[in-house]
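Everything below concerns the one structure shown next.
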Number of protein chains: 2
Amino acid sequence: MAESAEIVESEESCAALRSILSRVGEKWAPVVMTELVTEPRRFNELRRRLAPITQRMLTATLRGLESDGLITRTVHPTVPPQVEYGLTDAGRELLAILSGVARWTDRHLDAIHTARQASRGR
Amino acid sequence: MAESAEIVESEESCAALRSILSRVGEKWAPVVMTELVTEPRRFNELRRRLAPITQRMLTATLRGLESDGLITRTVHPTVPPQVEYGLTDAGRELLAILSGVARWTDRHLDAIHTARQASRGR
DNA sequence: CGGCATCCCTTATGATACTG
DNA sequence: CAGTATCATAAGGGATGCCG
């Protein structure tokens, strides 16, 4: 506990952290969350905005994010059906943290490219 | 740019962000980085501390982190060979951000579990 | 000591077609 | 509109054995 660099406090935290990191590490998860940051959106609206995502992957990504409590899925019982997806407060908080990763990435773009060049050289 | 919630600034940033998120989303990447936070460590030292990780996955994880410039690999030309792995400054910064994700995870453990229960029920 | 090569299973992603 | 079903490929991950 005295170790400031300590990331994980318990077994459960560690497992949860890993699952969340792999969740947001999924190919479409970050952009889907970003699409929902200003307002809730409907399935085909997301599909259009995130083209060339496939229906299958959009569904899978949404289900995954929902199962971790990062987004909500609201079905309006109309004809035709209308489904809205929106960020939860938790999801919004996490997205803010991810924007920190984005800033880190921008700061280190050069270092990342350099490291990749070097590793390709071997 | 005026949009404070905007995560990504360019195509390149977006691709880099995705690759970094999927990198740290790999099964062993976060714990490997955590092991290196206090001091550099050698291959079998990591292997012991991270048991039951396999040699294959430890190698793959280290290579991946190295190729993104998050850790360094230093070979001391001794007999037997001695290889030390250490965090780069960039890696250390990223780890600090990830600890923010860890704190988020701890704050939302209940919400995560609740959401998962609900999604299992369907 | 610090790997790499091989086999094998699971999961992620994509393409396409069909449906309540 | 908002999906599901099916098929196919690739990448992640584990077990085991060999090597400079």
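Sequence lines set the chain letters: A, B, ... in the order given, protein chains first and strands last, and positions in each chain run from 1.
Between B:Glu35 and B:Arg49, at least one side-chain nitrogen of the basic residue sits less than 4.0 Å from a carboxylate oxygen of the acidic one, meeting the salt-bridge criterion.
A pairwise comparison of heavy atoms in B:Ala115 and A:Asp68 identifies CB-C, 3.9 Å as the closest pair. Scanning both residues, B:Leu87 and B:Leu70, for their nearest heavy atoms gives CD2-O, 3.6 Å. For the pair B:Ser67 and B:Arg23, the tightest heavy-atom approach, listed with the atom from each and the gap, is OG-NH2, 3.6 Å. When all heavy atoms of A:Phe43 and A:Leu58 are compared, the pair lying nearest together is O-CD2, 3.5 Å. Considering all non-hydrogen atoms of both residues, A:Trp28 and A:Val31 come closest at O-CG2, 3.2 Å. The minimum heavy-atom distance between A:Pro81 and A:Arg42, with the atom names listed, is O-NH2, 4.0 Å.
Scored by the side chain to side chain contact (heavy atoms under 4.5 Å, CB included) test, A:Thr88 finds A:Thr72, A:Ala90 as partners (sequence neighbours excluded). Every residue meeting the side-chain hydrogen bond (donor to acceptor under 3.5 Å, both in side chains) condition with A:Ser19, not counting sequence neighbours, appears here in chain and number order: B:Arg116.
Each of A:Trp28 and B:Val83 has a nearest nucleotide on DNA chain C; the 5'-most of these lies closest to B:Val83. When the nearest nucleotides of DNA chain D are assigned to A:Arg18 and A:Phe43 by heavy-atom distance, the more 5′-ward of the two goes with A:Phe43. Both A:Glu84 and B:Pro81 sit near DNA chain D, but only A:Glu84 has its closest nucleotide nearer the 5' end.
Taking 4.5 Å as the limit, some side-chain heavy atom of A:Pro30 sits within range of a side-chain heavy atom of B:Leu21. Residues A:Leu46 and A:Leu36 have side chains in contact (heavy-atom distance under 4.5 Å, counting atoms from C-beta outward).
Within the helix from C:dC1-D:dG20 to C:dG20-D:dC1, the inter-axis angle between the opening and closing five-pair segments is 50°, rounded to 10°.
Applying a 4.0 Å cut-off to non-hydrogen atoms, the residues of residues 45-61 of chain B that approach DNA chain C are B:Gln55, B:Arg56, B:Thr59, listed by residue number.
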Kindly indicate, with the supporting measurements, whether the criterion side-chain contact (heavy atoms from CB on, under 4.5 Å) is fulfilled by A:Val101 and B:Val24.
-> CA-CA 11 Å; A:Val101 179; B:Val24 299; over 6 Å; no
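Read 5' to 3', the first and last nucleotides of DNA chain D with an atom closer than 4.0 Å to a heavy atom of chain A are D:dC1 to D:dT6. Nucleotides of DNA chain C that come within less than 4.0 Å of any heavy atom of chain A span, from the 5' end to the 3' end, C:dT13 to C:dG20.
At least one donor-acceptor pair under 3.5 Å links the side chain of B:Arg92 to the backbone N or O of B:Val37.
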